[in-house]
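Structure first, then comments.
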Amino acid sequence: MAGTTGGRTVADRSLADFLRARRKPVERALRRSVDALASGVSPSLGAAVRAGVLSGGKRLRPILLVVAYEEVGAPPAGSLYDLAAAVELIHAYSLVHDDLPCMDDAPLRRGSPTVHTVHGIGTATAAGALLIPWAARQAYAASRALGRTEEQARDIAAYLLEASGAGGMIGGQALDLLGEGRSLDEGELVELHALKTGALLAASLVMGAMAAGAADDRLVALGVFGKDIGLAFQVTDDVLDATATAEVLGKRPSDAEMRKSTYVALLGVEGARAHARRLVARAMAALDRAGLAAPRLRQLARYIVERRR
């Protein structure tokens, strides 16, 4: 049994140290990317881009990409973090647009005023949209730097855009808006969140494995793993939204205030927690079937359902 200190296991501390260590090069890659983008646009647009991308966060998606690359046996490479940053640019764009008055009209994100409340609605909208082609450009360039062929690099960039578009994250956001004020059943919630949250999480893992030149069976297994932990992430978000304060979470408004259907409303707090654990177990089984030990991915999957914010 793992030792404990102050209620934290050795494994907990190891994962926390690992996440901190991996966030540092992710942040450096994001800053390089944003600096390059800001140098070619107006100062006001550059400031909005910086606010949307560099305002902190767990950086879970880029870390998942890095870990997937390493877990399929590829050696570390500097350009890997530039590829990982491309995924986070898409995530940042989605948050900037989610917060707009036409969406959630949120005043607070990560404990700070949202981009549109500081820089204006038009500038925030343009800043978010600008991140989409920039992320695709960065994914292609980083993939080439990692030794992928031109065709493989195009495939990786296209995979990112597909996960971000109508068949992925944007499609899920549309379903989310259409579902406001209605009680969605479990099938509808699964479809919504498999697109809105799960698609980009799964893409992070698959893109990392693609950049490493992994075999098809491993790409499939990581895609399944990603979709299940993506849904577990959302279920846990619903639990936290129902049980934690805005000060702890660093965002407003809550899903209840937006009259959105949640897993807590459907299953109750304990039922939702149990469902998240089942999803993680199913994700682990996908790795088992592909013969992937992937100890860090398994740790990250457990972290997703045990986190407190």
Side-chain angles (χ1 to χ4, degrees), residues 17-70 74-97 109-110 112 114-115 118-119 123-150 152-161 163-164 169 200-201 203-212 296 300:
D17 291 343
F18 173 82
L19 290 172
R20 276 193 297 273
R22 294 310 170 93
R23 269 197 294 268
K24 290 178 181 177
V26 168
E27 295 293 346
R28 289 194 292 268
L30 285 169
R31 189 166 294 278
R32 284 195 301 272
S33 181
V34 168
D35 285 348
L37 176 55
S39 69
V41 300
S42 69
S44 60
L45 190 53
V49 167
R50 290 181 191 281
V53 176
L54 302 178
S55 58
K58 293 177 283 294
R59 308 308 194 195
L60 177 63
R61 291 156 187 82
I63 290 172
L64 284 171
L65 186 150
V66 169
V67 173
Y69 180 92
E70 294 173 340
S79 298
L80 177 59
Y81 284 93
D82 294 316
L83 177 59
V87 177
E88 190 70 4
L89 293 175
I90 291 291
H91 180 55
Y93 127 70
S94 75
L95 298 183
V96 171
H97 280 195
R109 169 72 66 180
R110 293 169 178 161
S112 300
T114 47
V115 176
V118 175
H119 299 277
T123 301
T125 303
L130 187 60
L131 290 170
I132 304 169
W134 190 255
R137 177 184 183 277
Q138 177 148 330
Y140 173 83
S143 298
R144 291 289 281 147
L146 285 167
R148 296 298 98 197
T149 67
E150 185 175 337
Q152 289 170 332
R154 283 200 304 266
D155 287 345
I156 291 170
Y159 200 93
L160 174 61
L161 291 176
S164 309
M169 186 179 68
L200 193 59
L201 270 170
S204 303
L205 292 155
V206 175
M207 287 170 61
M210 289 171 74
R296 282 299 185 193
L300 284 165

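As a basis for the values below, the full set of heavy atoms in this structure was taken, side chains included, without hydrogen atoms, waters or symmetry mates.
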Side chain to side chain contact (heavy atoms under 4.5 Å, CB included) between T114 and V96, worked out: CA-CA 7 Å; T114 47; V96 171; over 6 Å; no
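- Listed by chain and number, the residues in a side-chain hydrogen bond (donor to acceptor under 3.5 Å, both in side chains) with S42 are S44 (sequence neighbours excluded).
- The closest side-chain heavy-atom distance from V115 to V49 is not below 4.5 Å.
- Ion pairing between D35 and R32 fails under the 4.0 Å rule for side-chain N and carboxylate O.
- Contact between L160 and A135 at its shortest, heavy atoms only, is CD2-O, 4.0 Å.
- With sequence neighbours excluded, no residue satisfies side-chain hydrogen bond (donor to acceptor under 3.5 Å, both in side chains) with D155.
- In this structure, the separation between CD1 on I63 and CZ on R23 is 5.5 Å, given to the nearest 0.5 Å.
- In this structure, the side chains of I132 and S164 stay at 4.5 Å or more apart for every pair of heavy atoms.
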Step-by-step side chain to side chain contact (heavy atoms under 4.5 Å, CB included) determination, I90 to R61: CA-CA 10 Å; I90 291 291; R61 291 156 187 82; over 6 Å; no
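- For L45 against T123, the heavy-atom pair with the smallest separation is CD1-O, 3.8 Å.
- Under the 4.5 Å side-chain criterion, counting only non-hydrogen atoms from C-beta, L201 is not in contact with L205.
- Between A145 and S79, the shortest heavy-atom contact is CB-OG, 3.2 Å.
- With a 6.0 Å radius and a threshold of 12 heavy atoms from other residues, nucleotides or ligands, R144 has its CZ atom above the threshold.
- Using modelled atom types, no side-chain atom of R296 and backbone atom of V67 make a donor-acceptor pair closer than 3.5 Å.
- Residues A29 and D82 share a closest heavy-atom pair of CB-OD1, 3.7 Å.
- Taking CG of L65 as the start and CD of E70 as the end, the distance is 10.0 Å to the nearest 0.5 Å.
- For the atom pair CG (L200) and CD (E88), the distance works out to 8.5 Å, reported to the nearest 0.5 Å.
- Between atom CG of residue L80 and atom OG of residue S143 there is a gap of 9.5 Å, rounded to the nearest 0.5 Å.
- Ion pairing between a basic and an acidic side chain is recognised when a charged N comes within 4.0 Å of a carboxylate O; R154 and E150 show such pairing.
- Atoms OH and CG, from Y93 and L95 in turn, are 10.5 Å apart once rounded to the nearest 0.5 Å.
- Rounding to the nearest 0.5 angstrom, the gap separating the CG atom in L83 from the CD1 atom in I156 is 6.0 Å.
- Contact detail for A51 and H119: the closest heavy-atom pair is CB-NE2, 3.8 Å.
- Taking every heavy atom of both residues into account, P75 and Y69 meet most closely at O-CE2, 3.1 Å.
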